[in-house]
There are 2 protein chains.
Amino acid sequence: MQDDDALRETFAIFNEIGIVSQLSRAMFEARLPEGAGLPHFSLLNHLIRVEDGRTPLALARAFQVPKNTMTHTISGAVRHGWVELRPHPTDGRSKTVWLTEAGRRFRDDAIAALAPDLAAVIDATDAEGRAVLLERLTELRVFLDGYRDRNGSAS
Amino acid sequence: MQDDDALRETFAIFNEIGIVSQLSRAMFEARLPEGAGLPHFSLLNHLIRVEDGRTPLALARAFQVPKNTMTHTISGAVRHGWVELRPHPTDGRSKTVWLTEAGRRFRDDAIAALAPDLAAVIDATDAEGRAVLLERLTELRVFLDGYRDRNGSAS
DNA sequence: CTCCATTGGTTCAATGTCGAACAAGATAGT
DNA sequence: ACTATCTTGTTCGACATTGAACCAATGGAG
């Protein structure tokens, strides 16, 4: 009985997460220029925050996404001129991903375009609520990530 | 400065939500039989929990999804024999969605197949954390839903 | 009754995501 | 050096999701 309630509650959590994921993605993409998706923005943002010159596989791992998905995202970013690929200096199989000037500009513009929506979310929530939400979400993400490896395949 | 931190934190929240959505979806779909996706399960589950005989549009609204997406999900469920469509009694444009016996069986089996994974999540978290997580997520979902209507289109 | 805007649903094209299979370079064991 | 295996990345096919355009039935204005 109590067990059943916990199952229902947990399922409801994943349900809400799915819906929020959908809605927030739509909200962000509505602010990005034509042809730009959230994956592209996330990629550029990561390359600025962390470092240039990563390999596609390292990026795929950072985003918890299969490597073919990263291939697809990068090829789109290349097509738009936001990043460029250069051969890996020591490993002939691999490549490295580098930001272009246009990529930096796109990312800065996108940050500015997204800020009002984020500010609206901040207005509508309280600081402590956000902190605990992020904490619980991270806990859940870490668990699921390990759980997947425990029961299944690698990236 | 503090504003900037809040922006970063909020963005991180949406980031984690996206990843958890991905991971949980993959976890669930790995337990469902070949050809069955999470949308189909959610649909059948909703039809059992709430009521049979809903129209596709009502279902689309319930899932916060455009109506063509619901068309696609329903047609898949029909193809697998889990639901059937009947004409709407009073509105010639509309249809109604009804569970079949196979649909009920599929849903019951899926619940049983998913329970161990949910139980693992329950084991790895504490009850109070789950409650507050669900609460904050719901708050966020409600806000985003209203925010979308305020700035944009209907379903 | 006749128009015509509205509503419910489908179709089409575009994009994102992912598993499986593949090609090519790197690496370890012999 | 040679071969078997592993790693990196791409290609291909499948499905989910969505906006836009479209069709058919409804229902109100005149």
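Letters go in sequence order (proteins before strands), and every chain restarts at 1. Predicted model, so just to flag it, every value in this text is computed and none were measured.
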Engineer: Given that A/Pro56 and B/Thr73 both sit by DNA chain D, which one's nearest nucleotide is further toward the 5' end?
Structural biologist: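 Its nearest nucleotide being more 5', the pick is A/Pro56.
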Engineer: For A/His72 and D/dC12, give me the distance from atom NE2 to atom C1', rounded to whole Å.
Structural biologist: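 Those two atoms, NE2 and C1', are 12 Å apart.
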Engineer: What pairs with A/Arg105 under side chain to side chain donor-acceptor pair (under 3.5 Å), at least two apart in sequence or on another chain?
Structural biologist: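 Counting only residues at least two positions away or on another chain, A/Arg105 forms no side chain to side chain donor-acceptor pair (under 3.5 Å).
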Engineer: Does B/Ser94 put a side-chain nitrogen or oxygen below 4.0 Å from OP1 or OP2 of C/dT7?
Structural biologist: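 No, because none of the side-chain N or O atoms of B/Ser94 sits under 4.0 Å from OP1 or OP2 of C/dT7.
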Engineer: Could you pick out which residue, A/Gly35 or B/Thr55, lies toward the 5' side of DNA chain C when each is mapped onto its nearest nucleotide?
Structural biologist: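 It is B/Thr55, whose closest nucleotide lies nearer the 5' terminus.
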Engineer: Side-chain donor or acceptor of A/Asn68 under 3.5 Å from a matching atom on the base of C/dG19?
Structural biologist: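 Present.
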Engineer: Within residues 38-51 of chain A, which residues have any heavy atom lying less than 4.0 Å from an atom of DNA chain C?
Structural biologist: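 Within residues 38-51 of chain A, the residues near DNA chain C are A/Pro39, A/His40.
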Engineer: Tell me, which pairs form a salt bridge (charged side-chain N to carboxylate O under 4.0 Å, His left out) where one or both residues lie in residues 11-26 of chain A, sequence neighbours left out?
Structural biologist: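 Listed by first then second residue: A/Glu16-B/Arg141, A/Arg25-A/Glu29.
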Engineer: Testing the basics here: between B/Val65 and B/Thr69, what is the closest heavy-atom pair and its distance to 0.1 Å?
Structural biologist: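 Looking at all heavy atoms of both residues, the shortest contact is CG2-CG2, 3.5 Å.
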Engineer: List for me each residue that meets ring pair (Phe, Tyr, Trp, His ring centres under 6.0 Å) alongside B/His46, sequence neighbours excluded, and say none if there are none.
Structural biologist: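 Partners of B/His46 by the ring pair (Phe, Tyr, Trp, His ring centres under 6.0 Å) criterion, ordered by chain and then number, come out as B/Phe63.
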Engineer: Residues from residues 10-30 of chain B sitting under 4.0 Å of DNA chain D, heavy atoms only?
Structural biologist: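 When residues 10-30 of chain B is checked for heavy atoms under 4.0 Å from DNA chain D, the hits, listed by number, are B/Arg25.
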Engineer: Can you list every pair that meets ring-ring contact (aromatic ring centres under 6.0 Å, His included) and has a residue in residues 81-134 of chain A, with sequence neighbours left out?
Structural biologist: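 As it turns out, the ring-ring contact (aromatic ring centres under 6.0 Å, His included) pairs with a partner in residues 81-134 of chain A, which skip direct neighbours, are A/His40-A/Trp82, A/His80-A/Trp82, A/Trp82-A/Phe106.
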Engineer: Hey, can you pull the residues of residues 74-93 of chain A with a non-hydrogen atom under 4.0 angstrom from DNA chain D?
Structural biologist: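 Result for residues 74-93 of chain A: A/Arg93, sorted by number.
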Engineer: Would you mind classifying the nucleic acid contact of A/Thr69 as base, sugar-phosphate or nothing, using non-hydrogen atoms under 4.0 angstrom?
Structural biologist: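 Base contact.
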Engineer: Which whole-number value in Å describes the distance from B/Lys67 NZ to C/dT6 C1'?
Structural biologist: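 Spelled out: NZ on B/Lys67 to C1' on C/dT6 is 10 Å.
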Engineer: Please list, chain by chain and in numerical order, all residues satisfying salt bridge (Lys or Arg N to Asp or Glu O under 4.0 Å) with B/Glu135, sequence neighbours excluded.
Structural biologist: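 Salt bridge (Lys or Arg N to Asp or Glu O under 4.0 Å) check on B/Glu135 returns nothing, list empty.
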Engineer: Counting just side-chain N and O atoms, does A/Thr71 come under 4.0 Å of either OP1 or OP2 of D/dG9?
Structural biologist: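 Answer is no, no contact under 4.0 Å.
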Engineer: Expressed as a whole number of angstroms, how long is the span from A/Gln64:CD to C/dG16:C1'?
Structural biologist: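 It works out to 18 Å between those atoms.
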Engineer: Can you see if the side chain of A/Lys95 gets near the phosphate of D/dT10 - specifically, an N or O under 4.0 Å from OP1 or OP2?
Structural biologist: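 Yes, because at least one side-chain N or O of A/Lys95 sits under 4.0 Å from OP1 or OP2 of D/dT10.
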Engineer: Tell me the closest heavy-atom pair linking B/Phe143 and A/Ala120, and the distance in Å.
Structural biologist: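 Scanning both residues completely, I find the closest heavy atoms to be CZ-O, 3.6 Å.
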Engineer: Would you name the heavy atoms of A/Leu38 and A/Leu32 that are closest together and state the gap between them?
Structural biologist: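 Reported closest heavy-atom pair: N-CD1, 4.1 Å.
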Engineer: Taking only residues two or more places apart in sequence, or in another chain, which ones meet A/Arg86 in a salt bridge (Lys or Arg N to Asp or Glu O under 4.0 Å)?
Structural biologist: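 Testing A/Arg86 for salt bridge (Lys or Arg N to Asp or Glu O under 4.0 Å), a comparison that skips the adjacent residues, returns A/Glu84.
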Engineer: Enumerate the salt bridge (charged side-chain N to carboxylate O under 4.0 Å, His left out) contacts for residues 121-134 of chain A, please, sequence neighbours excluded, ordered by first and then second residue.
Structural biologist: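 Those involving residues 121-134 of chain A are A/Asp126-B/Arg136, A/Arg130-B/Glu9.
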Engineer: For A/Asp108, what residues pass the side chain to side chain donor-acceptor pair (under 3.5 Å) criterion, not counting sequence neighbours?
Structural biologist: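 Counting only residues at least two positions away or on another chain, A/Asp108 forms no side chain to side chain donor-acceptor pair (under 3.5 Å).
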Engineer: Rounding to an integer number of Å, can you tell me how far A/Phe63 CZ sits from C/dT17 P?
Structural biologist: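 Distance, rounded to whole Å: 11 Å.
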Engineer: Give me each pair satisfying salt bridge (charged side-chain N to carboxylate O under 4.0 Å, His left out) with a member in residues 34-56 of chain B, each pair once, sequence neighbours excluded.
Structural biologist: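 Pairs touching residues 34-56 of chain B that pass the test: B/Asp52-B/Arg104.
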Engineer: Between A/Arg61 and D/dT7, does any side-chain N or O lie under 4.0 Å from OP1 or OP2?
Structural biologist: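 Indeed not, no polar side-chain atom of A/Arg61 lies that close.
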